[in-house]
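One structure below.
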Amino acid sequence: MGVVIKGGKIITDTDSYYANLRIENEKIVSIGSNLEIEGDEVVSAQGCYLLPGAIDPHTHFDLDVGSTVTADDFESGSKAALIGGTTTIIDFATQSKGETLKEGLNNWHKKADQKCYCDYGFHMAITDWNENVCSEMEEMKDLGVTSYKMYMAYKNVLQVNDLEILNALNKSKEIGALMCFHCENGDIIDFLINKAKNNNQVSPKYHPITRPSEAEAEAVYRLIKLAKIVDSPIYIVHLSTKRALEIVTTERKNGAEIYVETCPQYLLLNENCYEIDVEDEFEGAKYVMSPPLRKKEDQEYLWNGIKNNDVDTVATDHCSFNYKGQKELGRNDFSKIPNGSAGVEHRLSLMYTNGVLKERITLNEMVDVISSKPAKLFGLYPQKGTISVGSDADIVIFNPDYKGRINAKDQTQNVDYTPYEGFDQIGRVTDVFLRGNRVVKQSLICDKYPGGKYIYRK
Ligand code: URP
Ligand code: ZN
Ligand code: ZN
């Protein structure tokens, strides 16, 4: 039999209305009133919003960065995602040097299959471009991979050069895939890190100084020009500055097809975090991520960017490392602090509390950037990213009356701090349905086994 969710207000990227919905065989089968059939389970969503399950198109679970492995694997990361209302993640399956794309993808399946509690897909991060990789891209479509990522930073590790970018863009254009880019000039950063270390500047506060906004702006501008040569669309991950967004909007007006992602950390945290504790200046390591946190004026500019449709998606770039034992690897050298922070659990509540309630964006705009647009850009729509008849029944019941605070001690993500410690949290996810199966009840995971499915993206 089915499930009927009653009394909630349905919010999509375009509409807000009161209706009931009925779920059967993993799908939404009807929306309206008087939907109940004998034997149906009835769930009340009185006073709550019904949101389409959020989609996080930027996570790094179980990622080996050489010196250590992320604190969250697919089990803890996906449970945290569900608790926070995210029903699908797209993680970056990363090709190691010397590997084929298929080998890289298989490795990620081994990490995630039968472990993931939410649905998942993979982008493929290309770190070792060659002719074989180029021809493999075609075959990856049958394996459900329709988007790729290249890093313009992390010299001698992940960074690719302009020729490799051009070749990859050329191929992706041919096969209709979307290329994503980490835009920072790795050579500028390498130069500045060496300079800082030669001057014995080794504490976390030098991390942002060695990754200035110029390094991002230069990479964004260069990438756009490279994409223009082969007339290919591009997706810029974790864009963090006003300057970079200005470049994008100018080039978009000139006809370039560019999609922009930002993250809650660039909307809500700023460079002051690197010097929060005078007692132990290493506390700033909690915020060592790339790009680094920026200025307050960048934050407001990015919020406006969402409002003006200049920013398309808000993802988390969840890449968590414990402060103790992991961030501490760089106690005597900021460049050895593993880069990244946690956020998969808190994106929806952060966006609601700081975006919707502060009237920076509407509820529909929030749904758009955390669910519908990621689904549309990454081949999941309308299976996911909306509430409509025929879509997967990925439904979040969100209670707007809850009032609390974000605390590391209450979180499900497996990391010993949160960058949002003490932040107000108004509203919270109470129940989550993943393809019709209730996986979160009263804000607790109730699924005993990992029910996440690999999604073959279009
Ligand atoms: O600091 C970050 N963002 N770490 C994760 C890897 C990346 O650059 O996306
Ligand atoms: Zn990145
Ligand atoms: Zn990332």
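Numbering starts at 1 and runs along the sequence shown. Atoms within each ligand, like the ligands themselves, are counted from 1 in listed order.
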### Task
Using a strict 4.0 Å threshold on nitrogen-to-oxygen distance, state whether Asp13 and Lys376 make a salt bridge.
yes

### Query
Roughly how far apart are Met179 CE and Ile234 CD1, rounded to 0.5 Å?
10.0 Å

### Query
Will you find, in the side chains of Glu99 and Asn107, an N or O donor that is under 3.5 Å from an N or O acceptor?
yes

### Message
Measuring from atom CG of Asn198 to atom CD1 of Ile193, what distance do you get when rounded to the nearest 0.5 angstrom?
### Response
12.0 Å

### Query
Quick check, are the ring centers of Phe122 and His109 under 6.0 angstrom apart?
yes

### Query
What are the protein N/O/S atoms, named by residue and atom, that sit under 2.8 Å from the Zn ion (ligand 3)?
His58 NE2, His60 NE2, Asp317 OD1

## Note on the structure
The reported gap from CZ in Phe181 to CG in Leu226 (rounded to nearest 0.5 angstrom) is 8.0 Å

### Query
Would one find more than 12 heavy atoms of other residues, nucleotides or ligands at under 6.0 Å from atom NZ of Lys458?
yes

Give a table of atom pairs where an N or O of ligand 1 lies under 3.5 Å from a protein N or O.
{"unit_1": "ligand 1", "atom_1": "1 (O)", "unit_2": "Ser290", "atom_2": "N", "d": "2.7"}
{"unit_1": "ligand 1", "atom_1": "1 (O)", "unit_2": "Gly340", "atom_2": "N", "d": "3.3"}
{"unit_1": "ligand 1", "atom_1": "3 (N)", "unit_2": "Ser290", "atom_2": "O", "d": "2.9"}
{"unit_1": "ligand 1", "atom_1": "3 (N)", "unit_2": "Asp317", "atom_2": "OD2", "d": "2.6"}
{"unit_1": "ligand 1", "atom_1": "4 (N)", "unit_2": "Asn339", "atom_2": "O", "d": "3.2"}
{"unit_1": "ligand 1", "atom_1": "8 (O)", "unit_2": "Tyr154", "atom_2": "OH", "d": "2.7"}
{"unit_1": "ligand 1", "atom_1": "8 (O)", "unit_2": "His182", "atom_2": "ND1", "d": "3.0"}
{"unit_1": "ligand 1", "atom_1": "9 (O)", "unit_2": "His60", "atom_2": "NE2", "d": "3.2"}
{"unit_1": "ligand 1", "atom_1": "9 (O)", "unit_2": "Asp317", "atom_2": "OD1", "d": "3.3"}

### Task
For the pair Asn322 (side chain) and Asp416 (backbone), establish whether a donor and an acceptor sit closer than 3.5 Å, ignoring hydrogens and angles.
yes

### Task
Any chance you could lay out the side-chain hydrogen bond (donor to acceptor under 3.5 Å, both in side chains) test for Thr146 and Arg457, step after step, and finish with the verdict?
CA-CA 6 Å; Thr146 54; Arg457 293 181 296 118; 3.3 Å; yes

